[in-house]
Trainee: 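What follows is a single structure, and I will ask about it in a moment.
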Amino acid sequence: MNESKPKVYLTREVVPAVKTRLRPQCNLHINPEDRTLPREDLLREIQDAVVLVPNSPDTIDAEVLEAGSKLKLLANFGVGYNNIDVDAATQLGIPLTNTPGVLTETTADIAWGLLTNVARRIGEGDRMIRADAWEGWGPLQLLGGDITGATIGLIGMGRIGKAMIPRAKGFSMKVIYFNRTRLDEAEERALGIEYASKEQVLAKSDFVSLHVALVPDTHYLIGEAELNLMKSTAYLINTTRGPVVDEKALVTALREKRIAGAGLDVYEQEPTVDAGLLPLENVVLAPHLGSATIGTRTKMGMIVADNIEAFLSGGPLPNIVNPAALG
Ligand code: 8YV
């Protein structure tokens, strides 16, 4: 390791190909433990880091950024960056990059997996078999909701929201959507989707899938009032960020069967999952697996490396989120 080269600190491991690419160019340090970096370690490691590669569980607030007096780049491993105080980074002149595009299909796949799993009660069946409680086929056993031909409501129509459309069309579903900014009508026609208000999407859909970024406006986008608008036979799928849904309100809605079920990949206080969710059969719980494939995590790492290399060579940053940081 060449100590004269700039220190690049990764808060978590990456696939070997990414390390092979970065090592010759920098002084690469990686959290040696297979767990979220404790805050005191982050505050220590950032002191002499020139580049920090954070992950979504790391809180990169003003205190952390100010401790990084040499910090010149935040190369986030992930597309979402709600864990980073972007305004503070911008004020300190620290550019932030992310990894858009490469996890779109993978995240839509996990949303689809949760949707099929919860509607067809696969998790419940799996638990029944493992508990040695399956007494054989039954005509009324684990009857679920129909997917083919149902109506799906997509809330958020960015890359991942759009990637849900061909999946839904493959199941002959009607697709309605709500987005802060409506698409133009020609695009809606081309995609075969209909715009509706958030309330109408909630009221009309058999499946509601969330694809908005977590920003102040989308915090608790789905709470008690919104859950009450949904059909009692409908399912909620969340693969974006936990705080988009009021988890306590969701527990109540699921417990009281005000909705049929939910498929969740994200939680309000990860890795803590509201204890009320755990005994419920009508929810499928995944541990933030949205981008977790070998191919996607490799591509994400390569985008992180692209941005670090661009920074080291003084070139433009391909995925800068806060250009104002550069003045
Ligand atoms: C990542 C994600 O696994 O990219 C995102 O926004 O949520 C996930 O794909 C996570 O952010 C890693 O830091």
Side-chain angles (χ1 to χ4, degrees), residues 8-15 18-19 22 30-31 33-39 41-42 45-46 49 51-61 64 73-86 89 96-114 155-156 158-164 209-215 218-219 221 237-245 247 263-273 285-308 318-322:
V8 173
Y9 190 81
L10 276 60
T11 68
R12 295 304 291 268
E13 267 294 350
V14 280
V15 297
V18 175
K19 291 189 281 189
L22 284 174
I30 305 174
N31 170 8
E33 310 280 348
D34 187 18
R35 63 180 163 113
T36 298
L37 192 69
R39 187 162 171 96
D41 294 5
L42 177 60
E45 292 291 352
I46 204 165
V51 178
L52 180 74
V53 180
N55 285 273
S56 58
D58 306 314
T59 300
I60 311 297
D61 54 18
V64 171
L73 175 67
L74 284 165
N76 188 47
F77 189 93
V79 67
Y81 47 81
N82 56 290
N83 54 315
I84 298 172
D85 186 338
V86 183
L96 165 67
T97 61
N98 69 344
T99 65
V102 292
L103 43 78
T104 304
E105 302 298 336
T106 325
T107 306
D109 285 346
I110 208 93
W112 207 260
L114 289 168
I155 297 190
R159 291 187 194 85
I160 301 173
K162 280 190 181 152
M164 292 295 283
S209 192
L210 305 176
H211 301 285
V212 293
L214 174 60
V215 291
T218 58
H219 185 264
L221 184 75
I237 310 298
N238 188 11
T239 52
T240 172
R241 285 292 185 264
V244 171
V245 176
E247 211 164 274
L264 306 177
D265 190 42
V266 288
Y267 306 88
E268 259 191 82
Q269 302 285 341
E270 294 177 15
T272 303
V273 172
L285 305 171
H288 201 142
L289 292 177
S291 64
T293 69
I294 297 166
T296 293
R297 289 280 163 85
T298 302
K299 287 181 198 150
M300 290 165 73
M302 289 299 175
I303 292 189
V304 167
D306 290 343
N307 284 282
I308 295 175
N319 304 101
I320 187 160
V321 165
N322 59 343

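Atoms within each ligand, like the ligands themselves, are counted from 1 in listed order. The residues of the chain are indexed from 1 along the displayed sequence.
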Trainee: Starting from atom 4 (O) of ligand 1, which protein heavy atom do you reach first, and at what distance in Å?
Mentor: Val79 N, 2.8 Å
Trainee: Using a strict cut-off of 4.0 Å, indicate which atoms of ligand 1 neighbour a heavy atom of Gly80.
Mentor: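 Numbered from 1, ligand 1 contributes 4 (O), 5 (C), 6 (O).
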Trainee: Among all the protein's non-hydrogen atoms, which is closest to atom 1 (C) of ligand 1, and how far away is it?
Mentor: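 Looking only at protein heavy atoms, the one closest to atom 1 (C) of ligand 1 is Ser291 OG, 3.6 Å.
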Trainee: Heavy atoms only, cut-off 4.0 Å: how does Leu103 contact ligand 1, side chain, backbone, both, or neither?
Mentor: side chain
Trainee: So, taking the atom named CZ in Arg241 and the one named CG in Asp265, what distance separates them when rounded to the nearest 0.5 Å?
Mentor: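 Going from the CZ atom of Arg241 to the CG atom of Asp265 covers 9.5 Å.
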Trainee: Give the minimum heavy-atom separation between Ile46 and Leu52, together with the two atoms involved.
Mentor: CD1-CD2, 3.9 Å
Trainee: Applying a heavy-atom cut-off of 4.0 Å, say which part of Arg297 lies close to ligand 1: side chain, backbone, both or neither.
Mentor: side chain
Trainee: Looking at CD1 of Ile237 and NE2 of His211, how far apart are the two atoms once the value is rounded to the nearest 0.5 Å?
Mentor: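 That separation rounds to 8.5 Å.
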Trainee: At what distance is the nearest protein heavy atom to atom 10 (C) of ligand 1, and which residue and atom is it?
Mentor: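 For atom 10 (C) of ligand 1, the nearest protein heavy atom is Ser56 OG, 3.4 Å.
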Trainee: Atoms of ligand 1 less than 4.0 Å from Asn55 heavy atoms?
Mentor: 12 (C), 13 (O)
Trainee: Starting from the C-alpha separation in whole Å, work towards a yes-or-no answer on salt bridge (Lys or Arg N to Asp or Glu O under 4.0 Å) for Asp34 and Arg12.
Mentor: CA-CA 7 Å; Asp34 187 18; Arg12 295 304 291 268; 2.9 Å; yes
Trainee: Any atom of ligand 1 sitting under 4.0 Å from a heavy atom of Arg12?
Mentor: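 Arg12: no contact with ligand 1 (<4.0 Å).
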Trainee: If every non-hydrogen atom of Thr240 is compared with every non-hydrogen atom of Val244, which pair is closest and at what distance?
Mentor: CG2-CG2, 4.2 Å
Trainee: Roughly how far apart are Leu264 CG and Glu247 CD, rounded to 0.5 Å?
Mentor: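 Between atom CG of Leu264 and atom CD of Glu247 there are 7.0 Å.
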Trainee: Write out the residue and atom name of the closest protein heavy atom to atom 12 (C) of ligand 1, then the distance separating them to 0.1 Å.
Mentor: Phe77 O, 3.2 Å
Trainee: Using a 4.0 Å cutoff against the non-hydrogen atoms of Arg241, which atoms of ligand 1 qualify?
Mentor: 2 (C), 5 (C), 6 (O), 7 (O), 11 (O)
Trainee: What's the spacing between Ile155 CD1 and Leu221 CG if we round to 0.5 Å?
Mentor: 6.0 Å
